[in-house]
Trainee: 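What follows is a single structure, and I will ask about it in a moment.
Counting starts at 1 for both ligands and their atoms, in listed order.
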Amino acid sequence: TFLDPDPDIARRGVTFAEVGGLDGAISRLRDLIELPLLRPGLYRSLGVRAPKGVILHGPPGTGKTLLSRAVAAELGANVLKMPATELVGTYSGETEANLRSLFSEAAHHAPTLIIIDEIDVIATSRGRLASQGDIRATTQLLTLMDGLEQVDGVVILATTNRLDAMDEAFRRPGRFDEELYIGPPDPAARREILSVHTREMPLTREAEAAFAQVADGRTAGFTGADLMRLARETGLSAARRLAAGGSGLEIAESARDTEVSIRAADVYAG
Ligand code: ATP
């Protein structure tokens with residue numbers, strides 16, 4: 001079964017408290033998917049086509065997956081999450097069969113949000129260089145999306161770092177109706193993300209100031225994933241300091257050290 005492929009998240013659900021700096025994206029995404037998921041009959045009664053899909057695009061590690069899970073949890077919909085790489089089969093026709101199973105399971109469990117990560121892997125352009133297998137998978141996905149016209153309460157949220165690699169046909173109305181860009185966080189968003197990832201730390205005023213400085217200063221270009229790592233490194237370094245005899249300032253000191261020692265390049269390399 002495709003349902004609950006990530007048991008840890010399924011157990012606790014992601015809350016908005018775990019998502020930093022994406023308030024605008026949260027409310028836009030909610031607006032886009034709430035009614036199609038939960039009140040699909042509204043569209044029929046008005047004779048308009050219900051929105052079926054949204055693409056979240058932008059650089060890796062900016063929280064696209066986190067955001068989609070939080071929205072689904074908030075709406076009380078089921079989530080069927082599948083990295084596109086896991087849908088790709090080895091024998092001929094296997095990818096198409098996997099896609100059909102995914103969609104039929106989603107319909108069975110409606111309301112369901114299907115999250116396909118890295119959708120560009122199976123939604124590649126059917127241009128000159130495409131293989132027969134790629135073309136078949138892309139065509140199958142388009143057919144399944146068109147078939148959602150007859151299915152209530154299933155919406156697809158796709159994430160990609162490579163919008164340009166996707167077949168144009170996906171970006172027509174009636175398929176993915178909206179593309180939301182999730183970019184690297186600005187200083188205020190970086191502060192929020194750091195506070196998400198330090199919320200269980202006993203922060204002194206000095207430590208809070210040190211983290212604020214880190215967010216405003218040297219972390220330009222850091223993504224949410226980079227900031228999560230930075231918070232964790234700070235925690236580990238504070239533990240070493242504490243083991244060596246505590247001063248009460250170990251978190252603040254470690255945050256400043258981490259600011260000095262971690263540059264975006266190091267983080268990306270890690
Ligand atoms: P990819 O394109 O590589 O799949 P993504 O944009 O989907 O990346 P996530 O997988 O959601 O990124 O982010 C990875 C981890 O980084 C998250 O689980 C979370 O811990 C942290 N993170 C990223 N963005 C944020 C954010 N805005 N707020 C809080 N944590 C974040």
Side-chain angles (χ1 to χ4, degrees), residues 5-30 33 53-74 79-88 113-124 156-166 176 178-201 203 211-212 214-216 219-236 255 258 262 264 266-270:
D6 187 342
D8 183 47
I9 304 262
R11 220 172 25 245
R12 55 188 183 85
V14 177
T15 65
F16 288 135
E18 289 166 67
V19 185
L22 291 175
D23 291 351
I26 287 174
S27 69
R28 181 77 190 126
L29 193 55
R30 245 195 97 114
I33 67 178
V54 177
I55 299 183
L56 298 180
H57 67 108
T62 46
K64 297 182 289 298
T65 307
L66 193 69
L67 170 68
S68 40
R69 281 197 170 284
V71 171
E74 162 86 356
V79 177
L80 256 165
K81 181 184 142 87
M82 197 39 65
T85 44
E86 280 181 34
L87 287 166
V88 175
L113 184 67
I114 302 181
I115 303 177
I116 304 183
D117 280 331
E118 292 180 63
I119 191 144
D120 50 279
V121 171
I122 37 172
T124 42
I156 308 180
L157 199 60
T159 74
T160 181
N161 310 321
R162 301 199 50 212
L163 194 59
D164 58 310
M166 289 182 62
F176 289 105
E178 181 101 7
E179 296 163 3
L180 274 184
Y181 175 72
I182 311 290
D186 64 13
R190 295 202 297 270
R191 274 190 193 220
E192 275 190 40
I193 296 170
L194 275 176
S195 71
V196 166
H197 290 284
T198 55
R199 69 192 185 285
E200 315 224 310
M201 294 183 185
L203 297 187
F211 275 120
V214 167
D216 294 345
T219 46
F222 275 44
T223 63
D226 297 330
L227 293 164
M228 171 188 65
R229 226 198 87 182
L230 189 153
R232 168 140 182 88
E233 297 271 327
T234 300
L236 296 180
T258 317
I262 295 195
D266 302 333
V267 173
Y268 284 124

Trainee: For the backbone of Ala188 and the side chain of Arg191, can you confirm whether one donor and one acceptor N or O come within less than 3.5 Å of each other?
Mentor: no
Trainee: Carefully, step by step, assess Ile156 and Phe176 under the rule side chain to side chain contact (heavy atoms under 4.5 Å, CB included).
Mentor: CA-CA 8 Å; Ile156 308 180; Phe176 289 105; 4.0 Å; yes
Trainee: Above 12 or not: heavy atoms from other molecules or residues under 6.0 Å from CZ of Arg162?
Mentor: no
Trainee: Could you tell me whether the side chain of Lys64 reaches within less than 4.5 Å of the side chain of Asn161, counting heavy atoms only?
Mentor: yes
Trainee: Show the numbers, then the answer: is there a side chain to side chain contact (heavy atoms under 4.5 Å, CB included) between Thr234 and Phe211?
Mentor: CA-CA 10 Å; Thr234 300; Phe211 275 120; 3.7 Å; yes
Trainee: Could you list, one pair per line, each nitrogen or oxygen of ligand 1 together with any protein nitrogen or oxygen closer than 3.5 Å, giving atom names and the distance rounded to 0.1 Å?
Mentor:
from     : atom 1 : to     : atom 2 : distance (Å)
ligand 1 : 2 (O)  : Lys64  : NZ     : 3.1
ligand 1 : 2 (O)  : Asn161 : OD1    : 3.0
ligand 1 : 6 (O)  : Thr62  : N      : 3.1
ligand 1 : 6 (O)  : Gly63  : N      : 3.0
ligand 1 : 6 (O)  : Lys64  : N      : 2.9
ligand 1 : 6 (O)  : Lys64  : NZ     : 2.9
ligand 1 : 7 (O)  : Thr65  : N      : 2.9
ligand 1 : 7 (O)  : Thr65  : OG1    : 2.6
ligand 1 : 8 (O)  : Gly61  : N      : 2.8
ligand 1 : 11 (O) : Thr65  : N      : 3.3
ligand 1 : 11 (O) : Leu66  : N      : 3.0
ligand 1 : 12 (O) : Gly63  : N      : 3.2
ligand 1 : 24 (N) : Thr62  : O      : 3.4
ligand 1 : 24 (N) : Gly63  : N      : 3.3
ligand 1 : 27 (N) : Gly20  : O      : 2.9
ligand 1 : 28 (N) : Gly20  : N      : 2.9
ligand 1 : 30 (N) : His197 : NE2    : 2.8

Trainee: Would you check, one step at a time, whether the test side chain to side chain contact (heavy atoms under 4.5 Å, CB included) holds for Thr219 with Asp226?
Mentor: CA-CA 9 Å; Thr219 46; Asp226 297 330; over 6 Å; no
